[in-house]
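Written out below as structure tokens is the structure these notes cover.
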Protein chains: 2
Amino acid sequence: MTSIKDVARDVEMSTATVSRALRGLAGVSEETRERVMESARRLGYVPSPSAAGLASGQTRTVAVIVPRVTQWFFAALVQGAEEVLRERGYDLLLYNLAGDPSARHRVFETSLLTKRVDAVLILSLKPSPDELERLSRLGRPVTIIGADMPGWATVRIDDHEAAATATQHLVDLGHRCIAYLGGATEGVLDFTAPSARLAGYRCTLEGAGVALRAELEEDGEFTVAGGQRAARQLLGLEVAPTAIFAASDEMAIGALRAARELGVRVPEDLSVIGIDDHEMATYFDLTTVAQPVHEQGRVAATQVLAALTDDDWKPEQVILPTQLVVRGTTAQPRT
Amino acid sequence: MTSIKDVARDVEMSTATVSRALRGLAGVSEETRERVMESARRLGYVPSPSAAGLASGQTRTVAVIVPRVTQWFFAALVQGAEEVLRERGYDLLLYNLAGDPSARHRVFETSLLTKRVDAVLILSLKPSPDELERLSRLGRPVTIIGADMPGWATVRIDDHEAAATATQHLVDLGHRCIAYLGGATEGVLDFTAPSARLAGYRCTLEGAGVALRAELEEDGEFTVAGGQRAARQLLGLEVAPTAIFAASDEMAIGALRAARELGVRVPEDLSVIGIDDHEMATYFDLTTVAQPVHEQGRVAATQVLAALTDDDWKPEQVILPTQLVVRGTTAQPRT
DNA sequence: ATGAAAGCGCTAACAA
DNA sequence: TTGTTAGCGCTTTCAT
């Protein structure tokens, strides 16, 4: 394996100069740089990240912690982040928790990350106080996507507003009996979205003078299957809703499925709206509040890299815009 | 940052012994091992992967190269692989090509991989001869998922058989005018599946004494949108097919969408079958030939790690079974 | 069972 | 602009 020494010998220079030339640092004559580059190419030289990391303390690697890559939403975030990282020459170390509590424990507690990565990207997970403590002890930039944590660098949408937009759309159509499909609003595995979206739903209904009914708020676990189960429940109510606002498109898709099962026509008998603009949303003709998923991944990666290079960097809370996308699953209630 | 030296000093031993004790190597007294462990814990010692990598030449990291994480199929493979890697203490470096040719070029050509990972997992990509050449020069274990490449370690399903099963299902139902939705069967971006599935389709039709019609074979690009476009085309034919076999569930979903658009009823006027058993398949009530996606990721990771540890390891071609899953999108043709 | 010592391949501070 | 010289924090012979 050819090392920097081989290149140095080849161009008859010190390894220091070769290192500088290869990394594009200042203080190297143009001629030298070219000779070094040419030699490196000719000899097939590839730098050793381990050696560079050991000597410099920088790994040019970013850890991305994701709840579950198989969910389109998280995968899209990862993809956005990966693009930016790659462009800037950083590698992406993927930690997929996939619902395994021990995996989460290991990543955070046993400081797997120490000395291994330059920065950390946390996708749609709300770290516990203990985990936050460990993260800050890491002494490395951390950006969190989808959480509202003052003092930390975060990227998210305005969940309250997004939910309000969705609910208002239903209200504007004339619906008064509107159910909510959400998820757990507390617990370690929670993130900001569920509670903020629930609040947005409630506020809007109250603003419209509609009384809240506890039995119209169901837990759909943010999955298709959970949404289907919860919607089945809702549609079986004595006073069934004429519309369902699901806090995620996957739950909304589950609701559509439940409606079909029960012979409830959409949008004639039931309107359904989600949040996300999932890649499949268009194929279900689902009305939704779109959020820039891919872009959030990009912004988060950009932010965390900025923290690595800018000296006067301080954590920012970035909020990206959402947009109502009206498709075919919402309509006026039958009179 | 506490290093191995600090621990050595603390237990009044050499760093060599501490290193051995920490890694569970033989030749360390039980008492010493316990003292070392305790001290390491107390001092909050975390080993440096860079240093270990530099000294040992092993990074305990595996590169996973994936065409596009946002596609459920690939994400599920990644998740399967990640589980196994994590269990065994390996990290996963994700390279997402996402259709960016320069990304692919960079990963393979500029040997981003050299000195960085112990092994490589390639998901559903058929490396070009040039890329194969580079991979073998890596001198590291490589496992390829979804390709049929004798001499290399591969994990896949029998694509020919899967396609035959799907086609035969339609034939058995009485269909004679069966269209095929596939993808490019050549080019660098191709993998084994498209051509093998097309062949399985053709063989089965011929076996059933049904004449092939070129206009019934369409390119759906293995995406929902592509499938929809291609199916629209097929359904507009003068002699339109009574059934469509899509080589992937995503294309099948596109076909369902096209049928709905055109007022073609499924399964009354048109039967649709896919391959994969995509997570959404059940919500579309899609008949399909299921393949063990997650499991293929696990097997591939297990295989590549075995190569790392077993001395007498040689590349194996693993083929995992598929299974017909009949749901509601296939039925007898109307007479 | 343990230790001494020589690197692994690079970066960075200091000199020249 | 370039070179010299120490390491970075481990692992791994080779001794003992």
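Excluded from the calculations below are hydrogen atoms, water molecules and symmetry mates; all remaining heavy atoms, backbone and side chain alike, are included.
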- prompt: Which pairs, with at least one residue in residues 89-114 of chain A and sequence neighbours excluded, count as a ring pair (Phe, Tyr, Trp, His ring centres under 6.0 Å)?
  reply: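 Those involving residues 89-114 of chain A do not exist here.
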Inter- and intrachain pairs under ring pair (Phe, Tyr, Trp, His ring centres under 6.0 Å), touching residues 14-72 of chain A, at least two apart: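 Every ring pair (Phe, Tyr, Trp, His ring centres under 6.0 Å) pair that includes a residue of residues 14-72 of chain A, provided the two are not neighbours, is A:Trp72-A:His278.
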Give the rounded distance in Å between these two atoms: [atom1] of [X] and [atom2] of [N].
| X | N | atom1 | atom2 | value |
| --- | --- | --- | --- | --- |
| B:Met13 | C:dA1 | CE | C1' | 9 Å |
| B:Leu22 | D:dT12 | CG | P | 14 Å |
| B:Asp6 | D:dC10 | CG | C1' | 13 Å |

Donor-acceptor pairs under 3.5 Å, side chain of residues 307-316 of chain B to any protein atom, not counting sequence neighbours: which ones?
residue	atom	partner	partner atom	Å
B:Thr309	OG1	B:Leu305	O	3.1
B:Thr309	OG1	B:Ala306	O	3.3

task: Any pair with a residue in residues 136-151 of chain A that passes salt bridge (Lys or Arg N to Asp or Glu O under 4.0 Å), sequence neighbours left out, goes on the list, sorted by first then second residue, please.
output: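 Residue pairs passing salt bridge (Lys or Arg N to Asp or Glu O under 4.0 Å), neighbours aside: A:Glu133-A:Arg137, A:Asp148-A:Arg156.
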- request: Using the salt bridge (Lys or Arg N to Asp or Glu O under 4.0 Å) rule, collect all pairs that involve residues 14-40 of chain B, keeping only residues at least two apart or in two chains.
  value: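 The answer is B:Glu38-B:Arg42.
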Who are the salt bridge (charged side-chain N to carboxylate O under 4.0 Å, His left out) partners of [X], not counting sequence neighbours?
| X | answer |
| --- | --- |
| A:Arg68 | none |
| B:Arg9 | B:Asp6 |
| B:Glu83 | B:Arg298 |

query: When you check the phosphate oxygens OP1 and OP2 of D:dG3, does a side-chain N or O of A:Ser14 lie under 4.0 Å from one of them?
result: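 For A:Ser14, the contact criterion (side-chain N or O under 4.0 Å from OP1 or OP2 of D:dG3) is met.
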task: List the steps and the verdict of side-chain hydrogen bond (donor to acceptor under 3.5 Å, both in side chains) for A:Asp10 and A:Ser39.
output: CA-CA 7 Å; A:Asp10 186 59; A:Ser39 167; 2.5 Å; yes
field: Close residues, residues 28-41 of chain A, relative to DNA chain D [heavy-atom separation under 4.0 Å]
entry: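 Contacts with DNA chain D under 4.0 Å: A:Val28, A:Ser29, A:Thr32.
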- request: Describe, as an angle rounded to 10 degrees, how the axis at the first end of the helix from C:dA1-D:dT16 to C:dA16-D:dT1 is tilted relative to the axis at the last end, five pairs per end.
  value: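 Rounded to the nearest 10 degrees, the bend comes out at 20°.
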query: How does protein contact run along nucleotides 7-16 of chain C, one letter per nucleotide 5' to 3', with B for base contact, S for sugar-phosphate only, - for none, heavy atoms under 4.0 Å?
result: BBBBSBB---
task: Mind running a 4.0 Å heavy-atom check of residues 134-142 of chain A against DNA chain C and sending the residues that fall below it, in number order?
output: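 DNA chain C contact set from residues 134-142 of chain A: none.
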message: Is the shortest side-chain heavy-atom distance between B:Val36 and B:Leu22 below 4.5 Å?
response: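 Result yes, sub-4.5 Å side-chain heavy-atom pair found.
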query: Is it true that A:Asp118 and A:Arg60 make a salt bridge, defined as a side-chain N closer than 4.0 Å to a carboxylate O?
result: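 No.
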Pair A:Asp130 + A:Arg134: basic N to acidic O under 4.0 Å: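 Counted as a salt bridge, because a side-chain N and a carboxylate O are separated by less than 4.0 Å.
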Heavy-atom pair with the smallest gap, counting every atom of A:Val84 and A:Thr302: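 Closest heavy-atom pair between A:Val84 and A:Thr302: CG1-OG1, 3.7 Å.
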